[in-house]
Amino acid sequence: MIDAILHYAFLQRALAAGLFIALACAVLGVFLLLRKDAMIGHGLSHVAFAGVAVGLAVGWMPLLSALVVSVAGALGIMKLKESAGLHGDTAIAIFSSVGLAVGIILASVSGRFNVALFGYLFGDVLAIEPLEVGLSIALAILVVGLVALNYQRLLFMTFDREAARVAGVPVRRLDALITVLAAVTVVLGMKIVGILMVAALLVIPAAAGLQAARSFRSAVLGACAVAESSVIAGLLAAYVLDWPASGTIVLAAFLLFGILFLLRRRG
Amino acid sequence: MSSHWIAVFALALAAGTPSLPAGPKLVVVTTIFPLAEFARAVAGEAAEVTLLIPPGADVHTWQPRVGDVRRLASADLLISIGGGLEPWLPGLMRGAGSPRLKHLEASAGLALLPAHEGHDKEGDEAEGHAGEAFDPHVWLDFGLDQIIVDALARTMSALVPAEAPGFSRRAEALKERLRTLDAAYRDGLRGCAGREIILGGHAAFGYLARRYGLIQVPVYGASPDAAPTPKTTAAIVARARRDHARTIFYEPGVGDKIARLIAAEAGADVRLLHPGHNLTPAQKAAGTTFFRLMEDNLEALRHGLSPR
């Protein structure tokens with residue numbers, strides 16, 4: 001495998017992009033899970049589907065329209081959750097169904113069918129271009145940087161929302177920040193490594209990190225460690241076993257989660 | 001599931017509209033682009049030929065719409081490839097429920113390749129189309145195309161005996177064009193040293209490879225939905241490097257991403273090799289023909305199979 005990585009630039013790019021996207025997902029994932037928003041990655045991918053269809057129908061750049069529509073959808077989910085008194089997953093379910101419906105209608109009515117649409121939706125971790133590696137690095141810097149800048153306030157708000165609000169923490173702005181970052185991560189991530197990997201990496205490493213954690217910081221660091229190990233172990237196993245890469249990476253993450261879960265129950 | 005509901009809904013709609021008078025013209029519905037082009041050429045003015053799959057859509061994943069069920073319900077003849085290439089067709093036909101509709105399966109009676117043969121084992125991982133025992137891409141064999149054209153003329157003649165001489169005359173002219181194309185491929189590929197078509201797409205060129213003594217080495221299997229594995233991709237890169245492949249081919253539905261990746265690793269270039277099953281909206285607007293696509297393919301193959 002090491003030999004293969006040295007030989008094949010496409011494996012090097014898969015590893016690099018995978019590691020950076022996994023990092024962004026793991027950091028965001030911890031906040032999303034503690035907010036009970038585990039399904040948001042899944043839901044936003046459906047909204048992004050509508051966004052790509054809008055782009056193809058109107059003739060914009062589909063990735064851009066997907067970003068705009070997904071960010072709007074993410075803010076809509078947040079709004080609905082707050083003001084309609086619905087639980088997080090109800091708002092996600094509504095938006096993801098409507099996203100899928102709009103996407104299907106636009107794809108059919110505009111006559112630009114599934115081939116182009118699927119091309120924009122399903123990234124492939126093996127076919128990553130140099131530019132996309134750069135994009136993954138930028139995404140990781142953006143997510144980690146913004147979270148680090150707001151770390152204390154995010155921490156306060158995550159554990160005691162009311163107290164944070166009273167203490168003057170801009171709770172809604174920070175909510176919006178995490179939600180928008182999640183939308184950007186889902187859209188870029190699914191174009192680059194595919195929706196399966198992004199949706200999984202937003203949830204499983206964070207869940208694993210929370211299993212092992214004694215503090216919030218160790219939960220975030222643990223999630224990052226699990227995410228990075230899953231990408232490395234998954235890609236390695238995929239090469240050795242001749243399995244599809246993204247599925248194997250997801251299974252590796254699940255395996256690590258399972259190990260940490262059992263360790264915690266014993267400990 | 002959803003095509004079922006569409007069929008039920010359309011049946012309700014169709015029942016509400018008075019059926020069109022049959023008229024003097026034969027109404028022919030075809031599934032994929034080459035069949036539509038052949039049927040139009042054979043039918044001339046004697047038939048109204050329509051194509052089900054719209055430009056840009058993929059035959060494997062396309063879903064019929066309400067209007068398609070109505071169209072089929074008022075047709076005289078349906079021409080498909082058969083054998084699982086059109087998985088939505090049985091549902092659509094049940095929906096149309098037309099007792100007078102004649103159905104011609106173009107692949108029936110042809111010398112078919114098994115679904116897995118014709119690809120190189122090194123590159124072939126994925127399963128075939130569900131429930132499919134043979135490779136459906138028969139239209140890329142210009143000899144088999146001539147047999148299909150004969151079958152079209154025979155079937156149309158049986159439906160409109162008065163037009164039989166015209167059908168048979170136009171079928172002969174079309175077969176002559178196919179023979180010319182076939183000869184151009186034979187002559188054009190004879191001088192090429194390379195025998196391997198390395199494809200960043202799916203295994204669509206088995207018949208073409210068989211006819212002209214080539215080997216196709218696809219990244220994907222028989223249908224383009226299963227993702228390639230790291231090992232398969234690495235093996236194909238190694239093979240392209242070893243054999244000094246000049247060109248890695250790609251197809252429009254899959255895109256050139258994986259082909260460009262292999263090409264960059266192996267120092268090759270990329271060229272489009274069109275499976276010929278459908279046009280993009282732009283090609284449709286430009287009036288691109290099947291023969292034009294195949295001539296462009298020959299150019300690409302002559303380039304790619306020559307030494308660097």
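Fair warning: this is a prediction, and the values are worked out from it, not measured in the lab.
- In plain terms, the two heavy atoms of Asp242(A) and Lys231(B) that are nearest each other are OD1-CB, 3.1 Å.
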Expected list for residues 197-205 of chain A: side-chain donor-acceptor pairs under 3.5 angstrom, two or more places apart:
none

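- Looking at heavy atoms from C-beta onward, Val237(B) lies in side-chain contact with Phe10(A) at the 4.5 angstrom threshold.
- Within the 4.5 angstrom heavy-atom criterion, no atom of Ala264(B) approaches chain A.
- The number of heavy-atom neighbours closer than 6.0 Å to NZ of Lys284(B), taken from other residues, nucleotides and ligands shown, is 12 or below.
- Taking both residues in full, the closest heavy atoms of Lys191(A) and Lys257(B) are given as O-NZ, 4.4 Å, listed atom of the first, atom of the second, then distance.
- In this structure, the side chain of Tyr8(A) engages the main chain of Ala234(B) through a donor-acceptor pair within 3.5 Å.
- Under the rule for a side chain to side chain contact (heavy atoms under 4.5 Å, CB included), the partners of Ala74(A) that lie at least two apart in sequence or sit in another chain are Leu44(A), Thr179(A), Ala183(A).
- Nearest heavy atom pair, residue Pro244(A) against residue Thr229(B), reads N-CG2, 3.7 Å.
- No more than 12 heavy atoms of other residues, nucleotides or ligands lie within 6.0 Å of CZ in Phe20(A), so this atom counts as exposed by the packing criterion.
- Annotation: Phe254(A), atom CZ; neighbour count of heavy atoms from other residues, nucleotides and ligands within 6.0 Å does not exceed 12.
- Inter-residue side-chain proximity for Arg13(A) and Leu261(B) is flagged as met; some heavy-atom pair is nearer than 4.5 Å.
- Taking each heavy atom of Leu126(A) and Pro230(B) in turn, the nearest pair found is CD1-N, 3.5 Å.
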